[in-house]
Chemist: 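Sharing a structure here in structure tokens format.
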Amino acid sequence: MPPLRRGAGGRDRGRHGRALRARGAVRGEDRARRPLAHLARPPARLRAHHRRGGAGRVTTIPYRFEQTASAAEVVERWSGLVAGEESGDEVSVAGRVMLSRPQGKLAFSQLRDSSGAVQLFAADGVTRDFDAFRKLHLGDWIGASGEVVRTRRGELSVKVSDWVLLAEARHGFGDKWRGVTDVETRFRQREVDLWANPGSRDALLLRSRLVRRTRERLWDLGFVEVETPILHPIPGGAHARPFVTHFRALDMDVYLRIAPELYLKRLVIGGLEKVFEIGRLFRNEGLSPRHNPEFTSLELYQAYADYRDIMALVEELVSGLALDVLGTTSITYQGRPLDLAPPWRRATMAELVSEATGHDVSVHTPRETLEKWARDADVELEPAWGPGKLMLELYEKTAEGDLWDPIFVYDYPKDVSPLARAHREDPLLAERFEAVVAGRELANAFSELIDPDEQLARFEAQAAALEAGDEEAMRVDTDYVRALEHGLPPTGGLGIGIDRLAMLFADASHIREVISFPMMRPEPPERPEPPAA
RNA sequence: GCGCCUCUAGCUCAACGGCAGAGCAACGGACUCUUAAUCCGCAGGUUGUGGGUUCGAAUCCCACGAGGCGCACCA
């Protein structure tokens with residue numbers, strides 16, 4: 001049956017475009033009338049093949065399909081066939097048609113499933129409804145059964161005897177050779193991106209393996225995986241602006257968590273000595289190649305451990321994950337080699353800043369001197385900054401970006417580390433470190449603050465800062481202080497950005513490459529809403 | 001938020017002040033071993049939106065929108 005002509009009956013895609021204008025209708029009116037105008041109409045081409053008339057039974061698309069082999073299994077298991085040989089073995093495969101080469105009374109197409117791709121070979125007289133088969137669109141899903149053969153030209157194929165349409169693709173999947181590069185399309189319609197660009201799928205699969213192996217490794221180390229609240233009455237555990245929402249039953253505002261830290265430490269107080277959580281955090285801050293408003297973190301806490309124990313754990317975990325997921329610790333990130341093998345370099349922040357500036361910098365350096373050096377380094381000073389903040393700014397301005405190979409930067413100023421325990425040897429420092437890889441913070445860890453009195457004092461200082469306008473400052477969490485009053489043993493804590501780690505392993509320059517559906521600005525409507533008639 | 005850059009057919013891209021084009025996809029046809037098949041044919045556009053300059057604008061200017069990169073903030 002010949003396909004219906006464009007415009008016939010007004011049922012095809014031409015309806016909201018050319019066909020209408022050809023009849024003199026106004027395109028804009030039509031589009032405004034139907035806000036879903038970008039959706040495709042059911043195409044006519046396969047109607048004869050899979051649609052039946054009559055109420056209640058409009059399609060022959062089956063409800064299930066029995067695969068007996070994946071594409072990769074077919075290619076692997078029958079790799080020994082020689083050109084022109086027929087195996088005598090029947091298989092059923094399913095997937096999406098990615099290439100189609102009808103040639104007279106033969107047709108070749110490539111079927112891709114999650115395992116890989118295999119060629120389908122169809123022939124008039126062999127393949128049921130051959131005429132419809134050769135009209136399949138790129139992107140259509142089908143299930144196909146037939147004998148595994150190798151064609152005369154040497155391509156392993158399933159010689160299709162029977163097949164069935166599983167879903168039709170009403171839209172294209174981009175240029176068959178170059179895929180889709182338009183960022184709007186790639187991330188607003190990620191399903192298109194995932195089919196059109198194999199690298200996109202690879203990045204998400206790599207992330208999945210990474211998360212899975214992270215869990216397994218931590219389980220093996222005796223950590224207990226837990227889930228703590230995402231709705232927090234008081235946002236805490238980090239410096240960040242929270243998202244606010246409202247809980248109707250209790251008529252109270254609640255916050256999407258900016259960190260699970262306080263709850264996890266309360267679990268340690270409760271006797272879960274080694275806990276971890278992998279989960280989503282929400283920070284009401286900007287979008288950037290390295291920031292998504294919701295992102296995934298790993299946080300873990302280990303009783304009886306200090307920050308040096310955690311350093312050892314981090315380098316072991318990250319290098320081990322590289323081996324698990326990539327098979328090597330020698331990786332390339334954005335064209336530059338990088339080795340994750342332990343031991344990682346360790347340097348105090350004061351050492352790094354001194355190295356970078358040429359001055360002998362420490363948190364004990366007089367404030368005026370620090371201010372001068374900071375100005376020399378083009379740091380934009382703020383009057384409220386103390387020596388610790390000045391040193392941190394100086395570090396971030398002069399030293400951090402130049403770090404490439406993995407390094408533990410430790411002994412942070414205490415006044416910029418409100419949840420870390422004071423240094424055992426220097427009261428102006430905190431026992432805190434960050435792991436920096438490829439010039440970026442990958443992990444943040446400390447010997448946890450365990451003293452309830454000091455915790456309360458620091459909360460109060462934060463609350464004062466909040467009052468003074470610092471929207472990222474913390475609030476006083478009396479529940480948490482009361483928990484500390486029950487006794488938190490010496491504990492080492494760690495946070496790792498899973499997205500950042502996935503970026504590193506996937507060699508991704510943008511965080512959205514490793515997020516299935518990254519945050520996007522809402523798509524603007526094609527036209528303003530028409531005025532009410 | 002600031003600076004620079006980008007936006008052309010469903011997709012990937014040309015045309016850079018003088019008739020808006022190609023490849024792929026789609027549509028019609030030929031073809032019994034293709035590999036991004038090939039060949040013939042047919043369609044497809046308010047050149048992101050609005051305004052300006054000009055005899056003439058996809059092209060130059062302005063504004064707006066969306067996006068990218070960098071800076072700032074942050075993990």
Side-chain angles (χ1 to χ4, degrees), chain A residues 2-6 12-14 17-19 21-22 27-28 38 40 43-45 83-84 98-110 117 119-126 130 134-135 137-139 149-155 157 159 169-188 192 196 238-241 258-259 281 283-299 378-380 396-397 434-435 440-444 471-472 495-501 503 509-512 520-528:
Chain A
L4 297 178
R5 269 303 297 166
R6 182 179 298 283
D12 70 8
R13 267 178 274 191
R18 300 172 293 278
R21 264 189 303 132
R27 182 193 194 187
H38 63 285
R45 73 195 150 87
M98 298 307 287
L99 292 170
S100 180
R101 291 184 287 270
Q103 177 170 333
K105 293 186 164 36
L106 297 181
F108 302 87
S109 59
Q110 186 189 68
Q119 177 168 273
L120 301 181
F121 171 62
D124 196 12
V126 172
F130 176 78
R134 62 193 294 280
K135 285 181 183 159
H137 272 185
L138 306 191
V149 303
R150 194 178 286 282
T151 60
R152 280 180 230 159
R153 293 288 172 87
E155 185 76 20
S157 308
K159 186 173 167 186
R170 294 182 188 177
H171 300 280
F173 277 80
D175 189 282
K176 73 182 178 188
W177 183 237
R178 295 197 246 191
V180 174
T181 60
D182 179 61
V183 172
E184 288 282 291
T185 310
R186 284 193 57 209
F187 295 103
R188 285 193 197 282
V192 174
H239 286 99
R241 287 193 199 192
I258 55 174
L281 269 37
R283 299 193 181 173
N284 207 339
E285 289 160 359
L287 288 169
S288 90
R290 286 171 291 282
H291 299 86
N292 197 62
E294 54 180 304
F295 63 101
T296 301
S297 83
L298 160 67
E299 282 206 13
D378 288 332
V379 175
E380 288 180 26
E396 287 176 351
K397 190 78 176 184
E434 290 193 352
R440 291 181 196 152
E441 179 188 339
L442 185 72
N444 186 14
E471 294 185 61
E472 295 181 351
I496 289 185
I498 293 292
D499 312 85
R500 296 276 175 87
L501 189 59
M503 285 173 69
S509 63
H510 204 297
I511 194 169
R512 66 183 172 218
M520 301 287 281
R521 204 178 292 259
E523 210 162 353
E526 280 194 63
R527 300 178 61 84

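To find a chain, count down the sequence lines: A is the first, B the second, and so on, and within it residues start at 1.
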Chemist: Sub-3.5 Å donor-acceptor pair from the side chain of A:N444 to the main-chain atoms of A:E434, do we have one?
Modeler: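 No; zero donor-acceptor contacts below 3.5 Å.
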Chemist: Quick check for you: to the nearest 0.5 Å, what is the distance between A:I496 atom CD1 and A:S297 atom OG?
Modeler: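 One finds 9.5 Å between CD1 of A:I496 and OG of A:S297.
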Chemist: Base, sugar-phosphate, or nothing for A:P289, non-hydrogen atoms under 4.0 angstrom?
Modeler: sugar-phosphate
Chemist: Report which part of the nucleic acid A:R440 touches: base, sugar-phosphate, or nothing (heavy-atom distance under 4.0 Å, all strands).
Modeler: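 It contacts nothing in the nucleic acid.
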Chemist: Classify the nucleic acid contact of A:N292 as base, sugar-phosphate or nothing, counting any heavy atom under 4.0 Å across all strands shown.
Modeler: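 Base contact.
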Chemist: If you define the side chain from C-beta out and look only at heavy atoms, does anything of A:V192 sit under 4.5 Å from A:H171?
Modeler: no
Chemist: Given B:A37, is OP1 or OP2 found less than 4.0 Å from the side-chain N or O atoms of A:R101?
Modeler: yes
Chemist: Any salt bridge (Lys or Arg N to Asp or Glu O under 4.0 Å) pairs touching residues 283-293 of chain A, not counting sequence neighbours?
Modeler: none
Chemist: A:I511 has a side chain; which of B:U12, B:U35, B:A75 sits nearest to it?
Modeler: B:A75
Chemist: Taking the minimum atom-to-atom distance to the side chain of A:E441, which one of B:G67, B:U32, B:A75 wins?
Modeler: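 My answer, after comparing the listed nucleotides, is B:A75.
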Chemist: Dot-bracket for RNA chain B, 5' to 3', with Watson-Crick and G-U pairs under 3.5 Å, [ ] for crossing pairs and | for other-strand pairs: what is it?
Modeler: (((((((..((((....[..))))..((((.......))))......(((((..]....))))))))))))....
Chemist: For a quick test of reading the model: is some side-chain N or O of A:S157 closer than 4.0 Å to OP1 or OP2 of B:U35?
Modeler: no
Chemist: Planes under 30° and centres closer than 5.5 Å, is that true for A:F295 with the base of B:A75?
Modeler: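 Here A:F295 meets both the 5.5 Å and the 30° conditions.
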Chemist: Do any side-chain nitrogens or oxygens of A:S297 fall under 4.0 Å of OP1 or OP2 in B:A75?
Modeler: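 Checking A:S297 against B:A75: no side-chain N or O falls below 4.0 Å of OP1 or OP2.
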Chemist: Output the distance between atom CD1 (A:I258) and atom CG (A:L281), rounded to the nearest 0.5 Å.
Modeler: 8.0 Å
Chemist: Look at A:H171 and B:A26 and indicate whether a side-chain polar atom (N or O) is within less than 4.0 Å of OP1 or OP2.
Modeler: no
Chemist: Indicate yes or no: at least one non-hydrogen side-chain atom of A:L287 is less than 4.5 angstrom from one of A:P293.
Modeler: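 Yes; the side chains approach each other to less than 4.5 Å.
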Chemist: Among B:A75, B:U32, B:G67, which is the nearest nucleotide to the side chain of A:Q103?
Modeler: B:U32
Chemist: Describe the nucleic acid contact of A:G104 in one word from base, sugar-phosphate, nothing, applying a heavy-atom distance below 4.0 Å.
Modeler: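 Answer is base: heavy atoms of A:G104 come under 4.0 Å of a base.
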Chemist: When you measure from the side-chain N and O atoms of A:R134 to the phosphate of B:G29, is any distance below 4.0 Å, counting only OP1 and OP2?
Modeler: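 No, A:R134 has no side-chain N/O under 4.0 Å of OP1/OP2 on B:G29.
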Chemist: Between B:G67, B:C33, B:C11, spot the one nearest the side chain of A:L106, thanks.
Modeler: B:C33
Chemist: At under 4.0 Å between heavy atoms, what does A:G179 touch on the DNA or RNA strands: base, sugar-phosphate, or nothing?
Modeler: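 Here A:G179 touches the backbone only, sparing every base.
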Chemist: For A:G139, does its backbone N or O pair with a side-chain atom of A:H137 as donor and acceptor, under 3.5 Å?
Modeler: no
Chemist: Please confirm whether the shortest side-chain N or O distance from A:K176 to OP1 or OP2 of B:A25 is below 4.0 Å.
Modeler: yes
Chemist: I want to check something: taking the side chain as every heavy atom from C-beta on, are A:D499 and A:N292 in contact at a cut-off of under 4.5 Å?
Modeler: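 Counting from C-beta outward, A:D499 and A:N292 never come under 4.5 Å.
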Chemist: Please determine whether any donor N or O and acceptor N or O are separated by less than 3.5 Å between the side chain of A:D182 and the base of B:G67.
Modeler: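 When only heavy-atom distances are counted, A:D182 does not reach the base of B:G67 through any donor-acceptor pair under 3.5 Å.
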Chemist: Hey, does A:L99 reach any base, or is it just sugar-phosphate, or nothing, if we go heavy atoms under 4.0 Å?
Modeler: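 A:L99: backbone/sugar contact only, no base atoms under 4.0 Å.
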Chemist: What nucleotide among B:A75, B:G67, B:C33 has an atom nearest to a side-chain atom of A:F108?
Modeler: B:C33
Chemist: Looking at the side chain of A:T151, which of B:C33, B:G68, B:A72 is the nearest nucleotide?
Modeler: B:C33
